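Since this is a predicted model, take the numbers as computed values, not measurements. Throughout, protein chains are lettered first and strands after them, A, B, ... in sequence-line order, and every chain is numbered starting at 1.
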Amino acid sequence: MNSMKTNCKESSTGKQITKWYRAKGRNNLPWRENITPYRVWISEIMLQQTQAKTVVNYFKKFISRYPTFEDFKSASEENVLSLWKGLGFYRRARNLYRAKEIILKKFSGKLPNSFENLITLPGIGKSTAGAILSIAYKLPYPILDANVKRVLTRLFFITDGNEKELWDLSNQILDKTNVDDFQQGIMDLGATVCTPKNALCGECPLNKKCISFYKGELPTVNVKKINKKNVYLEFEIYEKNQKIFLVKNNQLGFWDGLWIMPIAETKQLKTELIHKLSHRNLHISFANKSNDELKSEGKWFDISQLSKLPTPKPISDKLSLYVQNFL
DNA sequence: AAGCCGTGGAC
DNA sequence: TGTCCAAGGCT
């Protein structure tokens, strides 16, 4: 067993992954064309905790609006949030805007190519910095995303979820001469072969080295149990002359910066629909109000503006119903 | 340092 | 149907 563990740390493992990637990796992902630091940055932020398939259309839309960093320079936070609409984890969008401003002020308008500078930017942590350095600048820095974590956990049969050990291993097996393809390869391996359920070990290029495959036992990767709280929200609908009144949210602790309808202070527990967030179940209801009751600070939006306005999913759904009724 | 942040794919 | 969980970072 020890010889096996030593065996898979050899640099040949990294090269096997690179080779596999070039033959069988996902070759239809838009951020893998015309690779530039800017495009890698945008895609890596979008891909945080978000499946590649979900990101594809958002990335295309973003890039078609802002093809290069030069085009992105003048974007407002509201512009970025609009392009993020429906993608979730909206702090990423606001951090992207903040990071852009810092790049303009402190880094001469160029995305840094050093680890130390990259991780000073909001939204870029150790793993995202590693991805940018590896894929955009071809510098050998480790990544530890969910895919890499799962592959390494199984390859080396790490049962205690030791993060430092996983980072060390990620660093050790790097194919330094082909870091860009290697990193995309190990992530593809985790996403398409070494999957959470029904792993395709028979197709894995590393199965002869994999301790878990040898043992016939795949260790489970950190399953966090979350206690979801129920939150009751009643949204007030104010409408006049084909306009809807909305407020910019900063009171909920989630959906920060998105436009929502004013929230009623009622304590009645009504549930028209349940919208599930990662940590809460929202019980949502709506109430039609008369405009003389309006006290919130906000803005009237014409129905023609609503589809592009950054609003959270359940609000977007409700608003689109309203727009349909006017047509 | 554990809890928080959104939405949807996959099964 | 419900459940798991995703190219994580921030506080």
Side-chain angles (χ1 to χ4, degrees), chain A residues 21 25-26 29-32 35 39-59 81 84-96 98-99 118-136 141-152 161 163-164 166-167 170 180 182-192 194-200 220-229 231 249-250 252-258 260 274-282 284 310-317:
Chain A
Y21 171 70
R26 290 176 290 185
L29 300 174
W31 48 88
R32 291 185 176 167
I35 291 178
R39 289 168 60 98
V40 173
W41 173 40
I42 302 300
S43 65
E44 288 301 328
I45 301 300
M46 287 186 170
L47 285 161
Q48 289 170 357
Q49 291 291 286
T50 311
Q51 294 184 341
K53 184 170 185 177
T54 304
V55 170
V56 168
N57 286 333
Y58 282 90
F59 179 79
L81 275 173
W84 222 264
K85 179 177 183 174
L87 189 56
F89 283 145
Y90 299 98
R91 181 162 28 178
R92 293 181 295 176
R94 291 180 292 119
N95 280 341
L96 195 60
R98 288 175 56 205
L118 276 174
I119 59 170
T120 66
L121 296 172
I124 299 183
K126 204 172 169 184
S127 199
T128 300
I132 292 171
L133 291 165
S134 299
I135 298 168
Y141 281 82
I143 296 176
L144 195 62
D145 71 331
N147 290 313
V148 177
K149 193 176 289 185
R150 187 168 53 252
V151 170
L152 296 178
E163 287 264 329
K164 184 183 184 315
L166 289 170
W167 273 107
S170 175
D180 48 350
F182 164 80
Q183 296 290 23
Q184 311 213 62
I186 191 168
M187 289 191 281
D188 274 14
L189 196 59
T192 65
C194 194
T195 48
K197 294 173 184 172
N198 305 321
L200 306 174
T220 47
V221 188
N222 56 305
V223 186
K224 286 187 201 170
K225 285 295 174 190
I226 297 169
N227 248 345
K228 283 203 175 188
K229 290 181 181 174
V231 177
N249 173 48
N250 62 357
L252 288 172
F254 48 89
W255 294 339
D256 270 357
L258 302 189
I260 61 174
I274 295 178
H275 181 78
K276 296 179 177 180
L277 302 181
S278 48
H279 285 70
R280 304 155 205 253
N281 288 332
L282 305 184
I284 291 176
T311 49
K313 178 68 164 58
I315 303 300
S316 307
D317 290 347

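- Which of C:dA7, B:dG6, B:dC11 sits closest to the side chain of A:Asn198 comes down to B:dC11.
- Here the side chain of A:Arg150 pairs no donor or acceptor atom with the backbone of A:Asn147 at under 3.5 angstrom.
- Regarding contacts with the backbone of B:dT7, a side-chain N or O of A:Trp255 is found under 4.0 angstrom from either OP1 or OP2.
- Put simply, the side chain of A:Thr50 and the base of B:dG6 share a donor and an acceptor less than 3.5 Å apart.
- Atom-to-atom, CE of A:Met46 to C1' of C:dG9 comes out at 17 Å; the value is rounded to the nearest Å.
- DNA chain B lies under 4.0 Å from at least one heavy atom of each of the following residues of residues 85-94 of chain A: A:Gly86, A:Leu87, A:Gly88, A:Phe89, A:Tyr90, A:Arg91.
- Residue-to-nucleotide contacts include a donor-acceptor pair under 3.5 Å from the side chain of A:Arg26 to the base of C:dA7.
- At least one donor-acceptor pair closer than 3.5 Å links the side chain of A:Gln48 to the backbone N or O of A:Gly123.
- Computed from coordinates, the A:Gln49 CD to B:dC5 C1' distance equals 10 Å when rounded to whole Å.
- When the C1' atom of B:dC5 is taken as reference, atom CH2 of A:Trp84 falls 13 Å away, rounded to whole Å.
- Between A:Asp317 and A:Lys313 there is a salt bridge, since at least one side-chain N of the basic residue sits less than 4.0 Å from a carboxylate O of the acidic one.
- Taking atom CG of A:Leu252 as the reference point, atom P of B:dC4 lies 15 Å away to the nearest angstrom.
- Comment: A:Arg32 engages A:Asp188 in a salt bridge, judged by a side-chain N to carboxylate O separation of less than 4.0 angstrom.
- In this structure, A:Thr195 contributes its side chain and A:Ala191 its backbone to no donor-acceptor pair below 3.5 Å.
- Residues A:Lys313 and A:Ile226 each lie close to DNA chain B; by heavy-atom proximity, the contact nearer the 5' end of the strand is made by A:Ile226.
- Going from the P atom of C:dA7 to that of B:dA10 covers 11 Å, rounded to whole Å.
- Of the P atoms belonging to C:dG9 and B:dG8, the separation is 23 Å, rounded to the nearest Å.
- Where A:Thr54 and A:Gln48 each meet DNA chain B at their nearest nucleotide, the meeting point lying more 5' is that of A:Gln48.
- Looking at heavy-atom distances under 4.0 Å, A:Ala146 makes contact with sugar-phosphate atoms alone, never a base.
- Summarising the geometry, the separation between CZ on A:Arg280 and P on B:dC4 is reported as 7 Å, rounded to the nearest angstrom.
- Relative ring orientation between A:Trp31 and A:Phe59 is described as perpendicular, the plane-to-plane angle rising above 60° on a 0-90° scale split at 30° and 60°.
- A straight line from CG of A:Leu282 to C1' of B:dT7 spans 12 Å, rounded to a whole angstrom.
- The backbone N or O of A:Leu144 sits less than 3.5 Å from a side-chain atom of A:Ser127, completing a donor-acceptor pair.
- Between A:Pro122 and A:Ile135, it is A:Ile135 whose nearest contact on DNA chain C lies nearer the 5' terminus.
- Regarding A:Lys53, its NZ atom lies at a distance of 17 Å from the C1' atom of C:dA7, rounded to whole Å.
- Taking atom NE2 on A:His279 and atom P on C:dC5, their separation rounds to 14 Å, with Å as the unit.
- Between the base of B:dG6 and the side chain of A:Ser278 there is a donor-acceptor pair shorter than 3.5 Å.
- Between the side chain of A:Gln183 and the backbone N or O of A:Tyr141 there is at least one donor-acceptor pair closer than 3.5 Å.
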